[in-house]
Each structure stands twice: as C-alpha cells, then as structure tokens.
Amino acid sequence: MKRNIDKAAENHFIEKSDIVKILETNEFDEYLFHTADAVRKEYKGDTVHIRGIIEFSNICKQNCKYCGIRKDNPLTERYRLSSDEILLFAKHAADKGFKTIVLQSGEDGFFSAGNMTEIIKNIKRLDIAITLSIGEKNTEEYRAYKEAGADRYLLRIETTDKNLYKSLHPNMSFENRLRCLNDLKELGYEAGTGILVGLPNQSLDSIAEDILFFKKFDADMIGLGPFIPAPNTPLADEKGGSLTLALKVMALTRILLPDINIPATTAMEALHPNGRIMALNSGANVIMPNVTEGTYKEKYLLYPGKISVNTSANQNYETTVKLIESIGRHAGITHGFRKDCK
Ligand code: SAH
C-alpha cells in the first residue's frame with residue numbers, strides 16, 4: 001500500500017482500484033496524510049492563502065436534500081444583502097489584508113447578470129481577486145460575470161454518481177451541472193469543484209470515481225467536506241460523513257493534482273476543533289474565513305455547528321493568521337492563483 005501511495009505521489013496517477021483500497025482501510029492514513037503534505041510543500045510551498053467569504057443571500061430556489069438553506073426549509077429566516085452592504089463588507093476585508101473575496105449565496109434569482117456585474121466591477125476596484133459561488137447559471141450569465149472581472153468560480157459537482165445526484169437534487173440535472181463546469185472552464189475562470197463525503201448511499205467506489213473526475217476535469221480548486229445532517233431537511237436523521245474519510249479524499253486529491261488550490265473547509269472544523277489544522281497538514285493550502293458582518297452569518301446555516309458564526313471579520317483575519325503561523329506556515333500576500341505556484 002505504501003508503495004502505491006509513493007507511486008501515486010511520483011506520477012500523480014493512480015488506478016481506481018487502488019484508490020478504493022486506500023479508502024477502505026485506516027491502517028495507512030498517517031502515511032497518506034504525510035505524503036500529501038510533502039506534495040503540497042513541494043508544489044505550493046508554505047504559503048496559505050486566506051480568502052474571505054461573504055454569504056450575501058440565503059434565498060434559494062433549489063431543494064438540495066442535504067442543504068439547510070434549501071427552498072423548502074420553512075425555519076430558515078431569509079435575508080438578502082444590498083449591493084452597498086456587499087461592497088462595504090468587501091472593502092472592510094480588503095482593508096484588513098484579504099486578497100480574495102468569495103461571494104457565496106443560494107440560487108437567488110434577484111441577482112441577475114445586471115446587478116451582479118455591477119457588484120463585481122465595484123469590488124474589482126479594490127484590487128482583489130473575486131471568486132463566485134452562486135450556483136447554476138446560463139452561459140451568457142457566466143460570460144457577463146467573467147467580463148465584469150470575476151476570476152474564479154466554485155461549483156461542486158457534489159457527487160459524480162448520477163443516480164445519487166438525481167436522488168439528492170430534485171428538479172436539477174447532472175448534465176446541466178457538467179455543462180456549467182465546462183462553461184466556466186471555457187470562459188477562462190479558475191474553476192473549482194468538489195464533493196460531499198459520506199452522503200447516504202454513497203459508495204467508496206463512487207468516491208474513487210469523484211477523485212478521478214477532479215483529475216480528468218483538471219480542476220483548479222477542489223473544496224470538499226463531510227456531509228453533516230442539517231435539521232429540517234429530508235436527510236436530518238441520516239448518519240453524517242466522517243472527518244477522516246474527507247481528509248483522505250482531500251489527501252488523494254492533492255497527490256493527483258499537485259499544484260491546485262485546496263481549502264481546509266469549515267465543515268471539517270465543524271466535526272473537530274482542529275479540523276482545519278488537520279486539513280492544512282494533509283494537503284490543504286487555503287483557508288476561507290467568513291467576513292459577512294452582523295447577524296447574517298447565523299442565518300446562513302448550510303449545516304449545524306458552522307464555526308465562527310459569532311466572530312467578527314476583524315477577529316477572523318487575525319485568528320486565521322495566528323492559526324497559520326502556529327503550524328509554521330505564513331499567510332499569502334498575492335491573489336493566490338493556481339499558477340502562482342509557490
Ligand atoms: N448555491 C451555491 C452555493 C452552495 S453552498 C452552489 O450551488 O454552488 C456551498 C456548498 O455547501 C455546497 O456545494 C455543498 O457541497 C455544501 N453543503 C451544503 N449542505 C451541506 C451539509 N449539510 N453538510 C456539508 N456540506 C454542505
């Protein structure tokens with residue numbers, strides 16, 4: 001097994017059956033994590049990029065069965081930030097030192113190509129990179145945001161198992177999700193995708209397929225985390241995913257795609273107080289603190305136990321830098337694109 005992991009780290013290639021074997025046993029986890037950490041150090045150095053997330057609307061027309069802000073959750077108190085508020089939070093983050101702002105929301109139809117492009121253009125004046133994470137749009141909308149200055153886009157495929165995808169996403173289609181991802185690539189975005197680990201009825205075989213999909217798609221970023229059952233959703237009483245399995249999927253992703261950006265995700269910290277440090281030591285090189293101000297964060301509950309809902313944007317930047325320095329790494333001072341390797 002160790003030889004297989006070494007070979008994968010050398011060639012950035014692995015057979016699906018070997019991925020499954022690695023996922024099946026916990027005996028070689030430490031070796032896998034160390035190897036992914038070494039690959040990260042070789043290709044990305046010790047810089048950790050800090051991206052500030054603004055969760056600007058929790059209004060959503062979709063009904064993803066795992067998600068706490070799905071349309072049919074009557075207990076979600078809905079909110080939508082104004083363009084001025086979004087810009088103000090972005091400005092505060094830029095003043096603090098953030099070099100990237102991630103704009104994330106539910107699929108809120110209010111934000112049309114017109115008002116989104118205005119928001120993007122205004123934020124770009126702050127000389128920071130913009131990542132969008134606002135769901136499925138048509139090609140023309142993606143084009144308009146790109147022309148307005150958006151640099152990156154995050155759209156998780158969630159699972160590449162078509163039947164599972166279908167069962168979790170009423171009225172959505174796997175083909176359209178792929179169309180979106182291909183559009184983003186073609187339009188010149190840095191394109192990020194990822195999955196939920198430990199979904200009900202998700203097999204290790206399908207997770208192995210997911211990892212190979214990341215490689216085939218040549219994703220610029222991969223964000224993944226454990227599935228955490230959210231109250232008032234159809235999956236509320238299901239068993240959640242394990243942090244260890246999510247870390248293993250992440251480590252394998254680093255080994256196969258050595259130069260991409262991989263965040264230590266908040267869902268990982270929700271399951272363990274040191275979850276993000278464990279991720280940074282197992283292949284991750286990005287961290288994404290929340291910079292949404294006021295009480296909005298408490299309402300953007302994709303899953304329970306989301307960290308730092310009670311901390312301010314200022315505290316979040318400082319705490320994040322301290323966390324990075326506590327493990328002998330340093331905060332990035334560039335926009336942190338994939339090609340800015342080290
Ligand atoms: N509407 C945007 C943003 C979605 S929220 C979009 O469609 O891309 C960002 C991510 O949170 C989702 O892609 C999903 O993978 C994750 N997420 C949602 N519910 C979750 C849960 N219960 N547990 C863990 N992660 C969850």
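Computed over heavy atoms, backbone and side chain alike; hydrogens, waters and symmetry mates excluded. We're numbering straight along the sequence, starting at 1. In listed order, ligands and their atoms are each counted from 1.
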Numbering the atoms of ligand 1 from 1, which are under 4.0 Å from a heavy atom of Gly135? 2 (C), 6 (C), 7 (O), 8 (O)
Residue, atom name and distance, where the atom is the protein heavy atom closest to atom 23 (N) of ligand 1: Ile228 N, 3.0 Å
Minimum heavy-atom distance between Lys96 and Tyr317, given as atom pair plus value: O-CE2, 3.6 Å
Return a yes/no value for Leu154: is any of its N or O atoms, backbone included, closer than 3.5 angstrom to an N or O of ligand 1? no
Main chain of Ser112, side chain of Asn115: is a donor-acceptor contact present, judged purely on distance under 3.5 Å? yes
Yes or no: does Lys65 have any heavy atom under 4.0 Å from an atom of ligand 1? no
Do any nitrogen or oxygen atoms of Arg156 come within less than 3.5 Å of a nitrogen or oxygen of ligand 1? yes
Using distance alone, decide if ligand 1 has a nitrogen or oxygen within less than 3.5 Å of any nitrogen or oxygen in Ser105. yes
Among non-hydrogen protein atoms, atom 25 (N) of ligand 1 lies closest to Leu196 CD2, 3.1 Å
Tell me whether Gly68 reaches ligand 1 (any heavy atom closer than 4.0 angstrom to a ligand atom). no
When you compare ligand 1 with Tyr303, is there at least one nitrogen or oxygen pair between them that comes in under 3.5 angstrom? no
Say you draw a straight line from CZ of Arg125 to CG of Leu87; how long is it, rounded to the nearest 0.5 Å? 9.0 Å
Centre of Phe337's six-membered ring, under 6.0 Å away, within 45 degrees of the axis: is that where NZ or CZ of Arg152 sits? yes
Proximal atoms of ligand 1 relative to Leu155 (non-hydrogen, under 4.0 Å): 8 (O)
Between Ile260 and Lys44, the two heavy atoms sitting closest are O-CE, 3.7 Å
Under 3.5 Å between any N/O of Glu158 and any N/O of ligand 1: does that happen in this structure? yes
